[in-house]
Amino acid sequence: MEQSDRPIALIDCNNFYVSCERLFDVSLRGVPIIVLSNNDGCAVARSEEAKQFIKMGDPVFKIRDLIKRHGVVALSSNYTLYGDVSRRVTEVLHSYSPRLETYSIDESFVDLSGFGDRMEAHAARMRDAVRTETGIPTCVGIAPTKTLAKLANYAAKKNPLFSGVCNLMDQDVRDYVMRRIPIGEIWGVGSATEAKLKAQGINSAAELRDLPLALGRKIGTVVLERLVAELRGIPCIDFEDVPPQRKGMAVTRSAGTPMTTFDVLAQAITAHATRAAEKLRQHGLVAGTMTVFYHTNPHKPDRPRHSFSRSIRLRPMSNHTFDLVDAAVAAARRGWKGDPSGNGYGYTKAGIILDDLLAEADQPAMLFPPDRPRDARLTDALDAINDRFGKKTMVLAREGVSRTWATKADHRSPRYTTRISELPVIQL
DNA sequence: TCTGGGGTCCTAGGACCC
DNA sequence: TCTGGGGTCCTAGGACCC
């Protein structure tokens, strides 16, 4: 297989969630900031200042001292804001290349073929435009494969010499950089693969690149073999400027208080199934398979543990709230192991996963389709009311109103809330 | 002395990503 | 006390079939 000479750019926003927060609050600039996950459970984004002493994914309760000592501002996440800023960034990028793949909320691959010698200048202009028009700082990596573009982007972020744009189309520059990048930083090398490779004495991106393909497959799977090829400049991961049909979707939540009665669990399952059906309808999809699961806290191995998961075929395929809720609660009941004596299990997480998704219009015709105009009108009314008056204006009675299962953010003790909000803020 | 072989489909679980 | 949520892809192994 041949090395590619077609340049792919990866443009990645710096500390995206943090940068979004700083757009609207100048007092956050220059101070260490972290953004917390949904439940205020762990740090999912860090400013440069915070990266010095807080690791990605650190649980908040373990870093509370560090937060206090360094005057870190800890913010709950605001996904609506990040989604909107992301859309604006993508809009700007689109004016710089017709061929673009939005890879995640803060990264896009851009096809730079046809720019010749001007590709670096073009990338720099693109970066300036995003900065000027949205306020978000970015870095760009350019290389012949996606994996190398990711690597280039990493170098652009780490080494100020690149001034935000690292071009690895040149073999010598690429080799220089790859000899200095540890394998753990490579896109597709997680902790398990990192450990296996290190055991074989492979520590740098350059060493992994030089691994024989067959050995790559032996140590890992075909995935690692492809990764080695990508590091050699042979593209194995397609450029997807048309987003493929999504295969599944999920609604899962941790419970603020462990769920010890079936009633409470059923309320949570009802809420998640309701939301899952809403998501399906929003995307114009129906699902053919639904999986219900719930489990106790896996971080507490000394307590009674139980994990339940069951998949159900939905026939006909459906996006009706009632179909999903009924099936989900019935399935959940079959796995229930709680007992009223007080020795029951405390379930800390529950969720609904939908698979075999299909556009509503492509649904196979049934010989005897169920006649349910009433259900359809009901869900239409439900969506209309919740659209107009806000989420959860109308819910199934079964979901209940106590929401004892809801996440900590909704059910946090007053003191805890106070402590988070009283974290010191340094004003410039 | 000694239980067929080969194909497909499905699912659970692992690994990885942001 | 307190550890996110939502995705994708791959593989091994069981069920089933002829």
Side-chain angles (χ1 to χ4, degrees), chain A residues 10 12-13 15-17 34-45 55-65 67 74 76-77 79 82-83 86 102-109 146-147 150 153 183-197 217 219-227 236-238 240 243-258 272 275-276 279 283 288-289 291 293 295-301 303 307-313 346 348-357 407-409 411-413 415-417 419-420:
Chain A
L10 175 70
D12 186 313
C13 302
N15 317 327
F16 183 58
Y17 295 172
I34 56 175
V35 176
L36 308 177
S37 64
N38 261 348
N39 254 352
D40 289 353
C42 44
V44 292
K55 285 206 297 291
M56 185 68 173
D58 271 351
V60 171
F61 76 90
K62 280 191 184 167
I63 55 173
R64 198 146 279 153
D65 286 349
I67 290 175
S76 291
S77 38
Y79 287 102
Y82 312 149
S86 171
T102 305
Y103 174 67
S104 76
I105 195 162
D106 71 335
E107 301 164 81
S108 291
F109 289 106
K146 282 184 168 179
T147 306
K150 279 284 235 181
N153 195 285
I183 46 165
E185 300 296 339
I186 299 169
W187 188 44
V189 177
S191 56
T193 307
E194 183 184 8
K196 275 196 246 175
L197 289 172
R217 186 183 282 242
I219 294 170
T221 65
V222 63
V223 180
L224 186 60
E225 184 182 9
R226 280 202 288 251
L227 197 155
C236 297
I237 304 171
D238 290 339
E240 286 171 345
Q245 166 70 57
R246 69 191 296 170
K247 299 198 163 59
M249 65 171 59
V251 178
T252 71
R253 288 288 177 281
S254 292
T257 316
H272 303 336
R275 177 72 196 122
K279 274 170 81 172
H283 288 85
T289 303
T291 303
F293 76 85
H295 58 71
T296 52
N297 190 344
H299 302 289
K300 300 282 172 193
R303 291 192 203 155
S307 168
F308 171 79
S309 162
R310 175 155 301 173
S311 296
I312 307 137
R313 294 246 183 248
T348 53
K349 188 167 180 177
I352 302 289
I353 301 164
L354 300 170
D355 282 297
D356 303 328
L357 306 187
T407 54
K408 270 171 292 160
H411 209 73
R412 187 178 289 138
S413 68
R415 183 153 174 265
Y416 184 80
T417 318
R419 278 167 67 180
I420 285 285

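Letters A, B, ... are given to chains in the order of the sequence lines, protein chains preceding strands, and every chain is numbered from 1.
- Here the side chain of Ser37(A) pairs no donor or acceptor atom with the backbone of Val44(A) at under 3.5 angstrom.
- Nearest to the side-chain atoms of Lys247(A) among the listed nucleotides dC10(C), dG7(C), dC9(C) stands dC9(C).
- A heavy-atom distance below 4.5 Å is not found between the side chains of Tyr82(A) and Asp106(A).
- For Asp58(A), there are no salt bridge (Lys or Arg N to Asp or Glu O under 4.0 Å) partners, not counting sequence neighbours.
- In this structure, Lys300(A) does not reach the dT1(C) phosphate: none of its side-chain N or O atoms is under 4.0 Å from OP1 or OP2.
- As rounded to whole Å, 12 Å separates atom P of dG7(C) from atom CZ of Phe293(A).
- The separation between Met56(A) atom CE and dG4(C) atom C1' is 11 Å, rounded to whole Å.
- Between Ser254(A) and dG5(C) there is a side-chain polar atom (N or O) within less than 4.0 angstrom of OP1 or OP2.
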> How does DNA chain B read in dot-bracket, base by base from 5' to 3', with Watson-Crick or G-U pairs under 3.5 Å and | used when the partner is on another strand?
Replying inline: ....||||||||||||||

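- The residue Gly248(A) sits close only to the backbone: its heavy atoms come under 4.0 Å of sugar-phosphate atoms, none of a base.
- Between dC2(C) and Lys62(A), no contact under 4.0 Å exists linking OP1 or OP2 to a side-chain N or O.
- Lys146(A) contributes a side-chain N or O that, together with a main-chain N or O of Asp238(A), makes up a donor-acceptor pair within less than 3.5 Å.
- Between Asp356(A) and Arg313(A) there is a side-chain heavy-atom pair separated by less than 4.5 Å.
- Counting to the nearest Å, the P atom of dT8(C) and the CG atom of Asp238(A) are 16 Å from each other.
- In this structure, the CD1 atom of Ile353(A) is 13 Å from the C1' atom of dT8(C), given to the nearest Å.
- Distances shown here put every side-chain N or O of Arg246(A) at or beyond 4.0 Å from the OP1 or OP2 atom of dG6(C).
- Within the 3.5 Å criterion, the main-chain N or O of Tyr79(A) finds no donor-acceptor partner in the side chain of Ser77(A).
- Looking only at distances, no side-chain donor or acceptor of Lys349(A) sits under 3.5 Å from a matching main-chain atom of Phe293(A).
- Side-chain N/O atoms of Lys150(A) include one lying less than 4.0 angstrom from OP1 or OP2 on dC18(B).
- Residue-level contact check: Ile186(A) touches the backbone only, with heavy atoms under 4.0 Å from sugar-phosphate atoms and none from bases.
- What separates CG of Leu227(A) from P of dC16(B) is a distance of 11 Å, to the nearest Å.
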Between the protein and nucleotides 11-13 of chain B, are there any N/O to N/O pairs under 3.5 Å, and if so, what are the atom names and distances?
from: dT11(B); atom 1: OP1; to: Arg313(A); atom 2: NH2; distance (Å): 3.0

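- Close to dG7(C), at under 4.0 Å from its OP1 or OP2, lies a side-chain N or O of Lys279(A).
- Both Arg226(A) and Val44(A) lie near DNA chain C, and the one whose nearest nucleotide falls closer to the 5' end is Val44(A).
- Ser191(A) comes within 4.0 angstrom of sugar-phosphate atoms only, judged by non-hydrogen atoms across all strands, and of no base.
- At least one donor-acceptor pair under 3.5 Å links the side chain of Asn153(A) to the backbone N or O of Leu10(A).
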> Are Ile34(A) and Ile67(A) close enough, and set up right, to give a side-chain contact (heavy atoms from CB on, under 4.5 Å), and what steps lead you there?
Replying inline: CA-CA 9 Å; Ile34(A) 56 175; Ile67(A) 290 175; 4.0 Å; yes

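- We find that NZ of Lys146(A) is positioned 12 Å from P of dC18(B), with the value rounded to whole Å.
- If you take CD of Glu240(A) and P of dC17(B), they are 17 Å apart, rounded to a whole angstrom.
- Looking at the side chain of Lys349(A), the nearest of the listed nucleotides dG5(C), dC18(B), dT3(C) is dG5(C).
- Phosphate proximity of dA15(B) to Lys196(A): absent, as no side-chain N or O sits under 4.0 Å from OP1 or OP2.
- The aromatic rings of Tyr103(A) and Trp187(A) sit perpendicular, their planes meeting at an angle over 60°, well past the 30° parallel limit.
- Proximity note for Arg253(A) (side chain, C-beta onward) versus dG6(C), dC18(B), dG4(C): the nearest is dG6(C).
- Rounded to whole angstrom, the span from the CD atom of Glu194(A) across to the P atom of dA15(B) amounts to 14 Å.
- Toward the 5' end of DNA chain C, the nearer of the two residues Val222(A) and Cys42(A), judged by each one's closest nucleotide, is Cys42(A).
- In this structure, Asp106(A) reaches the sugar-phosphate backbone alone: every heavy-atom distance under 4.0 Å involves primed, P, OP1 or OP2 atoms, never a base.
- A sub-4.0 Å separation between OP1 or OP2 of dG6(C) and a side-chain N or O of Thr252(A) is present.
- Between the Thr348(A) side chain and the Asn297(A) main chain, a donor and an acceptor come within less than 3.5 Å of each other.
- Thr193(A) has no side-chain polar atom (N or O) that falls below the 4.0 Å cut-off from OP1 or OP2 of dA15(B).
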